[in-house]
Amino acid sequence: MSSKSPYYITTAIAYVNGAPHLGHAYEVILTDVMARFRRLDGHQVFFLTGTDEHGEKVATTAERNNMAPRDFCDKIAAQFVEMDEILNISHDDFIRTTQPRHYAASQAIWNELTKRGDIYLGKYEGWYSVRDEAYFGEDELNTDENGKKVAPSGAEVTWKEEPSYFFRLSAYTEKLLAYYEQHPEFIEPDTRRNEIVSFVRQEGGLKDLSVSRTSFDWGVPVPNDDRHVMYVWLDALTNYITGVGYPDTNSDTFKTFWPADVHVIGKDIIRFHAIYWPAFLMAANLPLPKKIFAHGFINVEGQKMSKSLGNVLSPHDLVNAYGVDQTRYFLMREVPHGQDGNFSHEQAILRLNSDLANSLGNLAQRTLSMIAKNCGEVVPQPDGFTEDDKALLDLAHIRMLPLVRHEYDRFMIHRAIEEIMRVSYEANSYIDRQAPWGLKKTDPQRMNTVLYVLAEVVRCLALIMQPLTPASAARMLEQLAVAENERSFEFISSGHSLKPGVKLPAPQGVFPRMGDAQNQKAAG
């Protein structure tokens, strides 16, 4: 059993009113990369993702498609399951909010909030957006070009009046502000934290939150009052504890993994996760998650994805054009911490060729091909290391993992990749300086040492690339005859170096060079 703390990470559950798009792919890849890194670094990990399937928007979309809500949800949820499979996502559980276990958890937390006096019956009047599944105050609305009131998102709003149960969110204004002050790491990045603190501090504080609906019935029934269904966000947010066994708070899974280490979400739903969710948990006397990380959006060729612009990219588009690992790598490399990113086909070709094909892939291919040709297809026997050899080995064995781990801990995956690529660049510089192809005749033993150093550095690079490019890294490790039980990060050290004399399989290229054909295929 590892001495490292368990690690629980989640995506936001995807709303099933449409097929998966590039934004969904980015979020689940980001979360998967973090989960894989923690597993390889010795943590017991639980990674939850899934689909959010209730609410008026889903019911309306299903009706528009001449389908029952359940059948519509089944269809769209299957597309998200397929996306995860295509992207090689390693989740431990895929939750659907239409599952019986989630109904039980949602009703249990409702009963807990009611028992503590934080839910009461009243009447709601206000401007409601079906698209956002939210009410908005008059001061939050904008006016479109036709003079109609719209939500901050641009969605149409209508005036609604209906009986509703309310959650006493107003009672948590000061409690939340105190928590943000005491736990500045709770919301990242800082821009999102400042946004939330400003909203909660607004004049008059938080208003009580409507948490039930009577105008439709596609949702979790309110306990003891089946005229109401739960507000979709109370239902949806509860998935994070459903996934680890709530309401059984004494279960091994719940005790091991709750509170969650991080909820990975889009910046557009930060208010629900950083205000409503912690307030619900406080009211239910449950520990709060340790971090809410809000990532940005991904634009395509500098523009926001839009059906009207015809620039919406699906995960299938990218995988068909570039490959699974290449898609994973590019999205992690190009989107900075918590900021908006941009997908450009031209930049994808440049980046994938520069980093994967020309640097890491070329390094591995040159090294393994020379070993196959000049060393009898076995790991060569080194004969004493020069200062140049030692410097490169120390970079791979000692310095690389702590630097990369530091960046992963801060969700700076793009910077972690920079640290990894720095080692690859150094190794390519080393091979050019040492010129092992010329040493075969002049100093074959030195050639063996140089090729051993290079193979060992490739081994370490393949190990640390596993979270980003799991299938490709596995192929590199197979070509070095590294056993599957020797691929965790504890093996990134001199004590687990390659053993001379081990037979190696025939080398094969792992990262092909991308060309105009891929660009055209993706663009089409």
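In this text the structure is predicted, and so the values were computed from the model without any measurement.
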Checklist entry - Do Thr191 and Asn194 have a side chain donor and acceptor closer than 3.5 Å? => result no
Item to check | Side-chain donor/acceptor of Glu419 to backbone N/O of Ala416, under 3.5 Å | outcome: no
Checklist entry - Is any side-chain heavy atom of Arg415 closer than 4.5 Å to a side-chain heavy atom of His337? => result no
Checklist entry - Within the side chain of His43, is there an N or O that forms a donor-acceptor pair under 3.5 Å with the backbone of Ser5? => result yes
Checklist entry - Asp208 and Tyr120: side chain to side chain contact (heavy atoms under 4.5 Å, CB included), yes or no, with the steps? => result CA-CA 10 Å; Asp208 287 355; Tyr120 64 91; 2.7 Å; yes
Item to check | Any donor-acceptor pair under 3.5 Å from Arg193 side chain to Tyr180 backbone | outcome: yes
Item to check | side chain to side chain donor-acceptor pair (under 3.5 Å) partners for Arg271, two or more places apart | outcome: Glu140
Item to check | Pair Leu286-Phe280, side chain to side chain contact (heavy atoms under 4.5 Å, CB included): steps then yes or no | outcome: CA-CA 9 Å; Leu286 291 171; Phe280 294 155; over 6 Å; no
Item to check | Plane angle bin for Phe343 and His345 - parallel if under 30°, tilted between 30 and 60°, otherwise perpendicular | outcome: perpendicular
Checklist entry - Any donor and acceptor pair, going by atom type alone, linking the side chain of Asp118 with main-chain N or O of Phe167 inside 3.5 Å? => result no
Checklist entry - Would a distance-only check, ignoring hydrogens and angles, find a side-chain to backbone donor-acceptor pair under 3.5 Å from Thr173 to Leu206? => result yes
Checklist entry - For Glu63, does the CD atom have more than 12 heavy-atom neighbours from other residues, nucleotides or ligands under 6.0 Å away? => result no
Checklist entry - So, the side chain of Gln326 versus the backbone of Leu352: is there a donor-acceptor pair under 3.5 Å, distance only? => result no
Checklist entry - Does Lys160 make a cation-pi contact with Tyr124 (under 6.0 Å, within 45 degrees of the axis)? => result no
Next on the checklist: Counting the benzene-type ring for Trp, do Phe272 and Trp233 have ring centres under 6.0 Å apart?
Outcome noted: yes
Next on the checklist: Please determine whether side chain to side chain contact (heavy atoms under 4.5 Å, CB included) holds for the pair Ile298 and Leu331, giving the CA-CA distance in whole Å, both sets of side-chain angles, and the decisive distance to 0.1 Å.
Outcome noted: CA-CA 9 Å; Ile298 297 182; Leu331 291 177; 4.0 Å; yes
Item to check | Asn224 atom CG, neighbour heavy-atom count above 12 within 6.0 Å | outcome: no
Checklist entry - Do any pairs count as a salt bridge (Lys or Arg N to Asp or Glu O under 4.0 Å) and have a residue in residues 43-54, sequence neighbours left out, and if so which ones? => result Glu53-Arg96
Item to check | Chi angles and distances behind the side-chain hydrogen bond (donor to acceptor under 3.5 Å, both in side chains) call for Asp317, Ser314 | outcome: CA-CA 5 Å; Asp317 294 332; Ser314 76; 3.2 Å; yes
Checklist outcome for this item: Residues passing the side chain to side chain donor-acceptor pair (under 3.5 Å) test with Tyr103, sequence neighbours excluded, are His54
Checklist entry - So, is the end of the Lys291 side chain (NZ or CZ) under 6.0 Å from the ring centre of Phe293 and within 45° of the ring's axis? => result no
Checklist entry - Should Ile241 and Thr238 count as side-chain neighbours, where that means a heavy-atom distance under 4.5 Å? => result yes
Checklist entry - Nearest heavy-atom pair of Met230 and Pro223: which atoms, and what distance? => result CE-CD, 4.0 Å
Checklist entry - Can you check whether Tyr165 and Tyr231 have ring centres sitting under 6.0 Å from each other? => result no
Item to check | Distance flag, aromatic centroids of Phe297 and His295, threshold under 6.0 Å | outcome: no
Checklist entry - Got Arg36 and Val45 here, is their nearest side-chain heavy-atom distance under 4.5 Å? => result no
Checklist entry - Atom CG of Asp261 and atom CZ of Phe46: how far apart are they, to the nearest 0.5 Å? => result 13.0 Å
Item to check | Arg116, CZ atom: more than 12 neighbouring heavy atoms under 6.0 Å | outcome: yes
Item to check | Validation row: Trp218, Arg213 side chains within 4.5 angstrom (heavy atoms) | outcome: no
Item to check | Test: Lys255 and Asp248 ion pair at under 4.0 Å | outcome: no
Next on the checklist: Can you pull out every salt bridge (Lys or Arg N to Asp or Glu O under 4.0 Å) where at least one residue sits in residues 275-285? Sequence neighbours excluded, please.
Outcome noted: none
Next on the checklist: Tell me whether the count of non-hydrogen atoms from other residues, nucleotides or ligands lying under 6.0 Å of CD in Glu112 goes above 12.
Outcome noted: yes
Which pairs of donor and acceptor atoms, one on a side chain in residues 7-14, lie under 3.5 Å apart (sequence neighbours left out)?
{"from": "Tyr8", "atom 1": "OH", "to": "Tyr240", "atom 2": "O", "distance (Å)": "2.6"}
{"from": "Thr10", "atom 1": "OG1", "to": "His263", "atom 2": "ND1", "distance (Å)": "2.9"}
{"from": "Thr11", "atom 1": "OG1", "to": "Thr49", "atom 2": "OG1", "distance (Å)": "2.7"}

Checklist entry - In terms of heavy-atom contacts, does CD of Glu181 have more than 12 from other residues, nucleotides or ligands at under 6.0 Å? => result no
Checklist entry - Nearest heavy-atom pair of Pro69 and Ala62: which atoms, and what distance? => result CA-CB, 3.8 Å
Item to check | Note, Thr31 side chain near Met34 side chain (heavy atom, < 4.5 Å) | outcome: no
Item to check | Distance-minimising heavy-atom pair for Phe80 and Ala19 | outcome: CZ-C, 4.3 Å
Item to check | Check: Ser472 main-chain N/O paired with Thr469 side-chain donor or acceptor under 3.5 Å | outcome: no
Checklist entry - Counting distance only, does the side-chain N/O of Gln466 pair as donor-acceptor with the main-chain N or O of Leu40 below 3.5 Å? => result no
Checklist entry - Does atom NZ of Lys75 have more than 12 heavy-atom neighbours from other groups under 6.0 Å away? => result no
Checklist entry - With a 4.5 Å heavy-atom cut-off, do Asp32 and Arg328 have their side chains touching? => result yes
Checklist entry - Taking atom CG of Leu87 and atom CG of Asp325, what is their separation to the nearest 0.5 Å? => result 10.5 Å
Item to check | Taking every non-hydrogen atom, the tightest pair across Ala77 and Val16 | outcome: N-CG1, 4.4 Å
Next on the checklist: In the structure I gave you, are the side-chain heavy atoms of Leu468 and Phe37 within less than 4.5 Å of one another anywhere?
Outcome noted: no
Checklist entry - Any side-chain heavy atom of Leu176 within less than 4.5 Å of one from Pro278? => result yes
Checklist entry - Which atom pair, heavy atoms only, marks the closest approach of Gly117 to Arg168? => result O-NE, 2.7 Å
Next on the checklist: Could you go through Arg38 and Tyr408, starting from their C-alpha distance and side-chain angles, then the distance that decides it, and tell me whether this counts as side chain to side chain contact (heavy atoms under 4.5 Å, CB included)?
Outcome noted: CA-CA 9 Å; Arg38 294 288 182 169; Tyr408 266 89; over 6 Å; no
Checklist entry - Any chance the rings of Tyr179 and Phe186 have centres within less than 6.0 Å? => result yes
Checklist entry - Mind checking what makes side chain to side chain donor-acceptor pair (under 3.5 Å) contact with Asp84, not counting sequence neighbours? => result none
Item to check | Heavy atoms from other residues, nucleotides or ligands near CG of Asp225 exceed 12 (cutoff 6.0 Å) | outcome: yes
Item to check | Aromatic ring proximity, centroids under 6.0 angstrom, Tyr246 and Trp258 | outcome: no
Checklist entry - Sub-3.5 Å donor-acceptor pair from the side chain of His406 to the main-chain atoms of Leu403, do we have one? => result no
Checklist entry - For the atom pair OH (Tyr128) and CZ (Phe136), what is the distance rounded to the nearest 0.5 Å? => result 9.5 Å
Checklist entry - Ion pair present between Arg39 and Asp92, side-chain N to carboxylate O less than 4.0 angstrom? => result yes
Next on the checklist: Determine whether a donor-acceptor pair (N or O, by modelled atom type, separation under 3.5 Å) exists between the side chain of Lys57 and the backbone of Asn17.
Outcome noted: no
Checklist entry - Of all heavy-atom pairs between Gly243 and Asp93, which one has the smallest distance, and what is that distance? => result O-OD2, 3.9 Å
